[in-house]
Asks: 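Take this structure, written in structure tokens, and hold onto it; I'll ask about it next.
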Amino acid sequence: MLFEHVRTGGCQSYLVGCGDTCSAAVIDPEASQVDRYLALAARDGLRIHYVVDTHTHADHFSAGRSLAQSLGAPLVMHRASTAPRVDMRVDDGDMLLVGKLKLQVLHTPGHTQDSLCLVAEDRVFTGDTLLIGGTGRTDLPTGDAGALYDSLFGKLLKLDAALKVFPAHDYKGHSHSTIGEEIAGNPRLQVKNRAAFIEMMGNLNLNMPAHITEALRTNLSGGKTVAQMLAEAAAVVPFMSLAQLKERIGHQDADLVVLDVREREAYLNGHIPGAHLLPRGQLELRVNEELPDPTRRIVTCCELGRISTLAAATLRGMGFQRAVALDGGMQSWREAGYPLRQGAEP
Ligand code: FE
């Protein structure tokens, strides 16, 4: 079995493959690591046949759908998943064939209703059902402590004690453990019975994960994260440095339009001399009156350099093919001590 372990912060994802047939699957891909999965597969000459999410994540951004789409491979999740863009829904006892490598599906609800584990040869990918020295929490949407107890004690922990455990999260730098080690040492598994387990899980008082709203929104709907939208805009837009723009306005570059996309009040408080005001919210509707010549070179600017990137991408999409975004925002412009003008343009 080919095996690559990709860690990002506390998230762990895996690329598993069959060297004989050059086929592979990715388990729990994370949004910031898409290029890495593709690079690992390319390095070893592997074709990725499946992208598997072990459950609907609430705490980070899954790359499942976008990776599956870019590969033309199915996104695989348990049939209880409510995510709309799952291509292949699997059930307990199903098997995925990755060349000669077999991935056996176990349905292990509890952390979420759609949680699954995958057994492959000498190891089991446990998602958030079983962590090293812990378990997934059961207080987020579709979580159920009783179901987690049943999944653990009725199913997962009955597997071969020598199986290596590879979870979807680890914050302490462990690589893996085994089922036997977890049974012996995992504090959450040292409970008398189901009721004691439910009580323990109910008393954990965990903090809500950061980004939970955005993660659930995007993972449940297949929508985009803010970071994704910014990255997509930045990929289709060139930038101009602050110093370059300062030099050009100093030379009265007549070809250049500086378009300030902040609100009027911020603009009046101090803008780049000569800049036009066109707030982002009015961009599409007013751009034809404000910028009648689509061949002009346009530099968008805003307070922090993010909205201006979205605005430049919008302008490019509308046919302003020389739109660029300022690399940085008015905040950096002021900090650099570059020229400002208060009030309206003369
Ligand atoms: Fe999770």
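Numbers here simply count residues along the sequence, with the first being 1. Just follow the structure's listing: the first ligand is 1, and inside any ligand the first atom is 1.
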Asks: Please name the atom of D128, limited to N, O or S, that comes nearest to the Fe ion (ligand 1).
Replies: OD2

Asks: Please report the closest heavy-atom contact between P167 and V165, naming both atoms and the distance.
Replies: CD-O, 3.7 Å

Asks: Is the H5 ring parallel, tilted or perpendicular to the Y14 ring (thresholds 30°, 60°)?
Replies: tilted

Asks: Examine all N, O or S atoms of H57, backbone included, and report whether one is under 2.8 Å from the Fe ion (ligand 1).
Replies: no

Asks: In a check of side chain to side chain donor-acceptor pair (under 3.5 Å) between H55 and each of T108, D28, D128, which one passes?
Replies: D128

Asks: Answer yes or no for H169: is there an N/O/S atom below the 2.8 Å cut-off from the Fe ion (ligand 1)?
Replies: no

Asks: Does any part of the side chain of T126, heavy atoms only, come nearer than 4.5 Å to the side chain of L131, both counted from C-beta?
Replies: no

Asks: Quick check for you: with the Fe ion (ligand 1) as the vertex, what angle do NE2 of H55 and NE2 of H111 span, to 10°?
Replies: 90°

